[in-house]
Amino acid sequence: MSSQPSSAGVTPAAGASAGAAEAGPSLAANIAAEVTAFAREVGGDDPVTVVGARTHWGVGGAALAGMREVRAPAGVWEHEPSEMTVRCGAGTTVAELTAHLARSGQMVPLDPADDAATVGGVLACGFSGHRRLRYGHVRDLVLQTRHVDAAGKVVTAGGPTVKNVSGYDLPRLLVGSLGTLGFLAEVILRTLPIPSAAQWLEGDGDPFAALDLLYRPSSILWNGSHAWILLEGDPADVAAESNKLESVEFAACDGPPPIPSAGRESMQPSELRALAGTPGGWIAEVGVGLVHRAEPVQAAHVPSANAALMSRLKQRLDPDHRLNPGRRAW
């Protein structure tokens, strides 16, 4: 992240123009009326919390009781299949976005545990889905955001195309911030083609050996004794990769196991082997390092320098601590 904001990529607008965004060289040339209305609802005075589908409501601690609640606008507003971008309200459910994009053979691999989750909620929590091994962190899917800041103003950051602007990367900063730095109102996301073939396999073989054997598997899940592997891509390639796995004790299955959601912890991918033989109730993402547990996990220690930096950002962007008070993103 560079130290200076980019004037081309970050544009505050107190009185945003009403009306749906018009077609043109930018997917978001104008600010939608729904976003302007959301900014007015957020306002600039009292403590306020943004609510989605509440599918991850306990992440980062509960918002303070009695907070005024607001909801981000919803709807898929623009989709440019040739540009592989989609623009939607942050309150749009993942299920609605997925169904809309599927009609053009495209997707955004958000993969929440519950498709009722909102796009803004998934991004605010920073939860990458079980296909992170292939598609990367969820923040890498975000091209442009419009959020409402602590003063009730609309702020645009990032660029509406894959050729993004340089400078202060607010969109990535907002991902995982739990709405404590700003309330997401609208996002432009990168889309990808839906894989023409997909196959889950399971077995008692070594998942770490399978990772070395395969070319870009989408997911490898492991509970210490059993593993599930997702292959996606061209049918011939998926078949060839499946054949490799059959030689190391894996066979086709219908899908992955339920993934625990009570707690998550991050480890170095190379450290996952040490989990073998530890008590059950967990699923690890091999090659990624995330461990999903059936019981809550104590928050990891944040180095003092990092905590100080985030505290300064919070003070700068929300000096009165009115956005989602009670939630902690670090």
Side-chain angles (χ1 to χ4, degrees), residues 84 94-95 98-99 101-115 122 127-138 140-141 190-294:
M84 303 190 74
V94 173
T98 299
L101 295 176
R103 293 196 288 269
S104 298
Q106 294 185 351
M107 66 169 186
V108 177
L110 297 177
D111 298 332
D114 188 339
D115 278 353
V122 172
F127 276 8
S128 302
H130 62 268
R131 293 186 289 176
R132 179 176 172 178
L133 181 61
R134 182 182 182 96
Y135 297 113
H137 195 283
V138 67
D140 298 331
L141 301 170
R190 185 194 315 269
T191 65
L192 297 166
I194 296 175
S196 51
Q199 178 63 64
W200 279 97
L201 300 97
E202 65 175 329
D204 297 329
D206 183 349
F208 302 95
L211 177 61
D212 293 336
L213 181 67
L214 298 170
Y215 174 72
R216 297 188 66 199
S218 293
S219 182
I220 301 180
L221 307 177
W222 179 59
N223 67 2
S225 60
H226 201 77
W228 296 261
I229 299 175
L230 174 62
L231 304 174
E232 294 181 305
D234 179 81
D237 293 337
V238 169
E241 296 287 275
S242 296
N243 289 337
K244 292 180 185 178
L245 289 174
E246 289 176 1
S247 66
V248 287
E249 303 181 40
F250 286 91
C253 67
D254 293 334
I259 298 178
S261 59
R264 299 196 322 164
E265 62 180 314
S266 180
M267 305 174 64
Q268 291 294 328
S270 59
E271 296 174 348
L272 291 180
R273 286 181 182 271
L275 292 175
T278 60
W282 55 268
I283 294 284
E285 296 185 37
V286 174
V288 174
L290 280 178
V291 183
H292 305 264
R293 295 192 177 273

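Not measured: the values here are computed from a predicted model.
For Ala251, there are no side chain to side chain contact (heavy atoms under 4.5 Å, CB included) partners at least two apart in sequence or on another chain. With sequence neighbours excluded, the residues forming a salt bridge (Lys or Arg N to Asp or Glu O under 4.0 Å) with Asp140 are Arg172, listed by chain and number. When the ring pair (Phe, Tyr, Trp, His ring centres under 6.0 Å) test is applied to His130, the partners found at least two apart in sequence or on another chain are Trp200. Here Pro260 pairs with Ile283, His292, Ala294 under the side chain to side chain contact (heavy atoms under 4.5 Å, CB included) rule; sequence neighbours left out. With sequence neighbours excluded, the residues forming a side-chain hydrogen bond (donor to acceptor under 3.5 Å, both in side chains) with Glu202 are His226, Trp228, listed by chain and number. For Arg216, the side chain to side chain contact (heavy atoms under 4.5 Å, CB included) test picks out Arg134, with sequence neighbours left out. By the side-chain hydrogen bond (donor to acceptor under 3.5 Å, both in side chains) test, Ser225 pairs with Asn223, sequence neighbours left out. Every residue two or more places apart in sequence or in another chain that forms a side chain to side chain contact (heavy atoms under 4.5 Å, CB included) with Leu211 is listed here: Leu133, Pro217, Ile220, Val286.
Sorted by first and then second residue, the side-chain hydrogen bond (donor to acceptor under 3.5 Å, both in side chains) pairs involving residues 242-252 (not counting sequence neighbours) are Glu241-Lys244. For residues 261-286, the salt bridge (Lys or Arg N to Asp or Glu O under 4.0 Å) pairs, not counting sequence neighbours, are Asp206-Arg273, Glu265-Arg293. Residue pairs meeting the side-chain hydrogen bond (donor to acceptor under 3.5 Å, both in side chains) criterion with at least one member in residues 229-240, sequence neighbours excluded: Arg131-Glu232, Tyr135-Glu232, Ser218-Glu232. Evaluation of the ring-ring contact (aromatic ring centres under 6.0 Å, His included) test over residues 258-285, restricted to residues two or more places apart or in two chains, returns Trp222-Trp282.
Shown here for Pro193 and Met84, the closest heavy-atom pair between the two residues is CD-CE, 3.3 Å. Nearest heavy atoms, Val291 versus Met267: CG2-SD, 3.7 Å. Residues Pro207 and Ala227 come closest through the heavy atom pair CB-CB, 3.9 Å.
Atom CG of Leu245 sits about 4.5 Å away from atom CD1 of Ile229, to the nearest 0.5 Å. One distance of note links CG of Leu290 with CZ of Phe127; it measures 9.0 Å at 0.5 Å rounding. Once rounded to the nearest 0.5 Å, the distance linking OG1 of Thr191 with CG of Leu141 reads 10.0 Å.
Without hydrogens or angle criteria, Ser196 side chain to Gly233 main chain gives a donor-acceptor distance under 3.5 Å.
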How far apart are the C-alpha atoms of Val108 and Leu192, what are their side-chain angles, what is the distance that settles it, and do they pass the side-chain contact (heavy atoms from CB on, under 4.5 Å) test? CA-CA 6 Å; Val108 177; Leu192 297 166; over 6 Å; no

